[in-house]
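What you see below is based on every heavy atom in this structure, not just the backbone, and it leaves out hydrogens, waters and symmetry mates. Bear in mind that the values here come from a model prediction, so they are computed numbers and not experimental data.
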Amino acid sequence: RAFWGWLNAVFNKVDHERIRAVGPDRAASEWLLRCGALVRYQGSPKWQQDYNGLPTGPLGKYKIEAIDATDSCIMYRGFDYLDGLEHVTDIKLQKCMYIQDECLQRLSETNNLQKSLQQLKIISCGNVTDKGILALHKLTKLEYLYLSDLPGIREKETTFRVLQQALPNLELELDLE
């Protein structure tokens, strides 16, 4: 178990040289696929899941529009890869054991995501608490938030009321016990 944690930390190490060399979308794609997530590019209906099958072409041609991090090992350490992404409208975090409040806080403080992210789903991420959900208030373009199976959320009514006040246009769908 310790070995896998170490390996996942290695996969999440940010390579700023690589970001400069190939651009933010390509570098983020490489990071996400290495960690087991999927990406979808603007104008494409299909999800990219094969690291070795990443599309090539002119620098900056493929822009990430959606991220599905189901069962992936993405963690806070790698979130610098999200900084340069300008076209992400949809993120799904499902069964991500390394996602915790700091990750959601970092997500909501990412300027480009504040301008582009419209849909967010957080499902079965056991380390997320009310604090992490409240941090999402900076995602002012967020139109839809789906929360399910989050045992760390204790003050449901208060948390959701505060979030709804901060983001009045937000459609909030809850499946929490």
Q. Can you name the side-chain contact (heavy atoms from CB on, under 4.5 Å) partners of K46, sequence neighbours left out?
A. S44, Q48
Q: Salt-bridge test for E109 and K138: reply yes if a basic N is under 4.0 Å from a carboxylate O, no otherwise.
A: yes
Q. In this structure, are over 12 heavy atoms from other groups packed under 6.0 Å from Q49 atom CD?
A. no
Q.
Tell me which pairs pass side chain to side chain donor-acceptor pair (under 3.5 Å) where either residue lies in residues 150-159, with sequence neighbours left out.
A. D130-T159
Q | Set of side chain to side chain donor-acceptor pair (under 3.5 Å) partners for R26, sequence neighbours left out | A | E30
Q.
Give me the atom names and distance for the closest heavy-atom approach of P45 to R40.
A. O-CD, 3.6 Å
**Q.** Set of residues satisfying side chain to side chain donor-acceptor pair (under 3.5 Å) with respect to D90, sequence neighbours excluded
**A.** none
Q) CG/L117 to CD/E143 distance, rounded to the nearest 0.5 angstrom? A) 9.5 Å
Q: Could I get the full list of side-chain contact (heavy atoms from CB on, under 4.5 Å) partners for T129, not counting sequence neighbours?
A: D101, K131
Q: State the CD1-CD1 distance between I99 and I123, to the nearest 0.5 angstrom.
A: 13.0 Å
Q: List, by chain and then residue number, the residues other than Y76 in its hydrophobic cluster (Ile/Leu/Val/Met/Phe/Trp/Tyr, side-chain heavy atoms under 4.5 Å); write none if there are no others.
A: none
Q. Which residues pass the side chain to side chain donor-acceptor pair (under 3.5 Å) test with R161, sequence neighbours left out?
A. none
Q) Out of curiosity, L113 CG to T89 OG1, how far, rounded to the nearest 0.5 Å? A) 10.5 Å
Q) Going by an N to O cut-off under 4.0 Å, is there a salt bridge joining D83 and R106? A) yes
Q: Check L59 against G23 and note the closest heavy-atom contact, atom names and distance.
A: CD1-N, 4.2 Å
Q. Do you know which of N12, D15, D80 makes side chain to side chain donor-acceptor pair (under 3.5 Å) with W31?
A. N12
Q) Does Q114 use its side chain to pair, donor to acceptor, with the backbone of S108 at less than 3.5 Å? A) yes
Q: Sequence neighbours left out, what passes side-chain contact (heavy atoms from CB on, under 4.5 Å) with L167? Give chain and number order.
A: L163, L170
Q) Any chain of hydrophobic side-chain contacts (each under 4.5 Å) joining M75 to L107? A) no
Q) Does the side-chain contact (heavy atoms from CB on, under 4.5 Å) test come out yes or no for R77 and K13, once each step is laid out? A) CA-CA 6 Å; R77 181 177 194 179; K13 187 175 187 315; 4.0 Å; yes
Q. Can you get from I67 to L38 by hopping between Ile, Leu, Val, Met, Phe, Trp and Tyr side chains that sit under 4.5 Å apart?
A. no
Q. Could you give the distance from CG (N52) to CG (D50), rounded to the nearest 0.5 Å?
A. 5.5 Å
(Q) For residues L33 and F11: do they belong to one hydrophobic cluster (side chain heavy atoms under 4.5 Å, members Ile, Leu, Val, Met, Phe, Trp, Tyr)? (A) no
(Q) Hydrophobic cluster membership, with links at side-chain heavy-atom distances under 4.5 Å among I/L/V/M/F/W/Y: are L104 and L176 in one? (A) yes
Q: Might you point out which heavy atoms bring L172 and L147 nearest each other, and give the distance in Å?
A: CD1-CD1, 4.3 Å
Q: May I have all residue pairs that pass ring pair (Phe, Tyr, Trp, His ring centres under 6.0 Å) and include part of residues 36-55, sequence neighbours excluded?
A: Y41-Y62
Q | Residue pair V128, L93: steps toward the side-chain contact (heavy atoms from CB on, under 4.5 Å) verdict | A | CA-CA 11 Å; V128 170; L93 303 171; over 6 Å; no
**Q.** Listed once per pair and sorted, the salt bridge (Lys or Arg N to Asp or Glu O under 4.0 Å) pairs that draw on residues 54-63, sequence neighbours left out
**A.** D25-K63
**Q.** Atom pair CD1 (I122) and CD1 (I133), whose distance is rounded to the nearest 0.5 Å
**A.** 4.0 Å
Q | Beyond-backbone contact of Y146 with Q119, side-chain heavy atoms, under 4.5 angstrom | A | no
Q: Kindly write out the residues that satisfy side-chain contact (heavy atoms from CB on, under 4.5 Å) with P151, not counting sequence neighbours, or none if the list is empty.
A: D149
Q) What about L174 and I91, same hydrophobic cluster or not, with Ile/Leu/Val/Met/Phe/Trp/Tyr joined at side-chain heavy-atom distances under 4.5 Å? A) yes
Q) Quick one: CD on Q164 to CD on E171, what's the gap to the nearest 0.5 Å? A) 9.5 Å
Q.
Run L145 and F160 through side-chain contact (heavy atoms from CB on, under 4.5 Å) and show every step you take.
A. CA-CA 11 Å; L145 176 62; F160 303 136; over 6 Å; no
**Q.** salt bridge (charged side-chain N to carboxylate O under 4.0 Å, His left out) partners of E173, counting only residues at least two apart
**A.** none
Q: For the pair S124 and S148, evaluate side-chain contact (heavy atoms from CB on, under 4.5 Å) and give the outcome as yes or no after the intermediate values.
A: CA-CA 6 Å; S124 303; S148 175; 5.7 Å; no
Q) What is the minimum heavy-atom distance between A37 and A69, and which atoms define it? A) CB-CA, 3.8 Å
Q.
If we ignore hydrogens and angles and just use 3.5 Å, is the side chain of S116 paired with the main-chain N or O of V88 as donor and acceptor?
A. yes
**Q.** Minimum heavy-atom distance C125-C96, with the two atoms named
**A.** SG-N, 3.8 Å
